[in-house]
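Take a look at the structure below.
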There are 2 protein chains.
Amino acid sequence: MKQIAQETGVSVSTVSLVLNGRDEGRVKPGIASQVRDTARKLGYTPNPLARSLRTSKTKILGFLSEEIATTPFAGRIILGAHDAASALGYMMLTVNTDRESDESEEISALKRYGVDGFLYAKMFNRVITVPKSFGGYPVVLVDATDSKGAVPGITPDEFRIGYDAARHLIDAGCSQIAYVGSDSPIVAQEGRRKGYRKALADAGIPYNPGLDIGVGNNRPALDAVSSLFDRAHPDGFFCFNDARAWYVYECAARRGLAVGRDISVVGVDNHRVFAETFAPDLTTIELPHYEMGYWAAYKLISLIEGRDPEPDLPETTAGIPSLDSPLPVRIHCMLIEKNSVA
Amino acid sequence: MKQIAQETGVSVSTVSLVLNGRDEGRVKPGIASQVRDTARKLGYTPNPLARSLRTSKTKILGFLSEEIATTPFAGRIILGAHDAASALGYMMLTVNTDRESDESEEISALKRYGVDGFLYAKMFNRVITVPKSFGGYPVVLVDATDSKGAVPGITPDEFRIGYDAARHLIDAGCSQIAYVGSDSPIVAQEGRRKGYRKALADAGIPYNPGLDIGVGNNRPALDAVSSLFDRAHPDGFFCFNDARAWYVYECAARRGLAVGRDISVVGVDNHRVFAETFAPDLTTIELPHYEMGYWAAYKLISLIEGRDPEPDLPETTAGIPSLDSPLPVRIHCMLIEKNSVA
DNA sequence: ATGAAAGCGCTAACAA
DNA sequence: TTGTTAGCGCTTTCAT
């Protein structure tokens, strides 16, 4: 900057003004463009560190998540958040809080590095109490809801996932529609079940508890699904996730039933590759992790800057609500059509 | 710091010296501990920004990877790198270079933010030319090898993966051992095949080209594996990855063959959950992404600091070679025993 | 409309 | 052994 000032024959303050776009009635347009020119000529790039030291704003977001390594979600959330951040001139300092690592430790480390705010991501939708270590910093939750309702966050619309899935099966002509859910009463499980039941009700299909099962994993789950097949002969399945869908897929195969012909299956796909590689005949719903990450970073930045920045949202986020939405926000999941359903 | 200085009745330079552990024969021990005390009392935390401005060292690593969202590997690499960085007092600025995003653009952004060096991760093992945009910064590659041999990097020991897998099947008593490989001639594919062939040779088992197939994905792959079953009746399978393993699994199931009883299967597991959920009877080899990330960050920091820092490596990295290894480094994959093999 | 100058919190010569 | 001082590169009053 000093060099630019000299070269142009003005003072550093003028340069600063111009380069920050705060000329406009304060610096003569001629001078301004002259400054901009020499800046370009000299290949000037601002030093964010120095700027931060002065302004105590770093344009760095702290991203705090658990189990970044053990779930395939983290990457998509991070990517979305990163894209939004990047579009608004921010960077992300990513930290994970697996195992014993002390969360508040990590938080204060991020604070020391001067992050302007925090993204706090959980790896499955649940209600949490936001760590007090965040102090007064802006925080936005991802895939989590603040139990106190004070911190903004974004979660998938679990109800609508269930509703749309069941609706999809109904539209495909299924009449015996099973829900192969989880045996944990987590938010996603309960929300999706409610949606499933509502869709049935709206279609005038009586709810049959025998078709609504919650299963765990591995052998027991496979056994439970097996018995569901033999007991109730469902012609449509809504599966909590891809693992559950796989049990259905496997049981069907063993009975010579073809997905898409004899039975219809809609499942939530946790692993992306799943539907493509392991069960290509399934209709899958993808959780909007990218979109949640995007929205959250976007929201966080608007909080930080005390105003709504207005860059374009990428195509994929068409369903994302405005930043003014009440908290927490839910976003809808898109149905991805894989193959025709029976 | 100023406050500490006043409180203790010394100058800021003394405080700086003490707080950076550079007293020792330069500051009277009494004063030193006094300074430390008041620092603690005042709850002092250093401002890395200010320090960086002065030293032009940020203790921030730039992590550059592709497809962070589309592969399950990225998370594990990032986690490993983050753990190492964290253990050495570093943070990581993560950036992904998917799609159109201009790599050199991202690199210079990271430079502006003052990163001390770069981790450059690829999502599958290959030979690359390192972007010149890195300039003179320290760079360490992950899952990639510099074609010029100038930049250090770490990759899985593909040969040994193949060798150990085949060896495992041999030890289990298999005699007709197939390799269900990839149809792309990527590093992993060729390395693993070589290892497979060497293990056979070492065991005096003649190589049968009919048992060594490269397949793509989906239906064609399934068909190819089917024909392998019917043509050669292998009793052991080494699979390039979990997708390939799944084709074997599926074909076996359709023929009433049980994995672990009628045939033995060893596969490289790309997705972690795969072996547990979709094919729980498989023996899997896990790629050491965590370890690669860890090693790479560790190495990068040693490069940055011009010396070998010496914290403890975590348990899981027992197999990681010393930092003095020639470049590029390869690391071995652990065999994870899942179930007994036929 | 522009410039001078102070200072963000810290480090590192150099003096004392 | 300790203190003084000069910045690192930038922003921001406050004069002019």
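Counting only N and O atoms by type, the side chains of A/Tyr290 and A/Asp83 include a donor and acceptor under 3.5 Å apart. Judged by distance alone, the side chains of B/Thr14 and B/Ser11 do bring a donor and an acceptor atom under 3.5 Å apart. Under 3.5 Å, the side chains of A/Thr94 and B/Thr94 contain a donor-acceptor pair of N or O atoms.
Rounded to an integer number of Å, the gap from B/Lys57 NZ to C/dA12 P is 12 Å. Atom CD1 of A/Ile4 is separated from atom C1' of C/dT2 by 17 Å (rounded to the nearest Å). To the nearest angstrom, P of C/dC8 lies 13 Å from CD of B/Gln3. Taking atom CD of residue B/Gln6 and atom P of nucleotide D/dG3, one finds them 13 Å apart after rounding to whole Å.
Applying side chain to side chain contact (heavy atoms under 4.5 Å, CB included) to A/Tyr120 and the options A/Thr97, A/Ile107, A/Ile128, A/Val140 leaves one that passes, A/Ile128.
Look at A/Asp116 and A/Lys111 and you find no salt bridge, because none of the NZ, NE, NH1 or NH2 atoms lies under 4.0 Å from a carboxylate O.
By the 6.0 Å and 45° rule, A/Arg126 stacks over the aromatic ring of A/Phe124.
Residue-level contact check: B/Gly9 touches the backbone only, with heavy atoms under 4.0 Å from sugar-phosphate atoms and none from bases.
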Protein proximity profile, nucleotides 6-16 of chain D - base contact B, sugar-phosphate-only contact S, no contact -, cut-off 4.0 Å on heavy atoms: BBBBBBB----
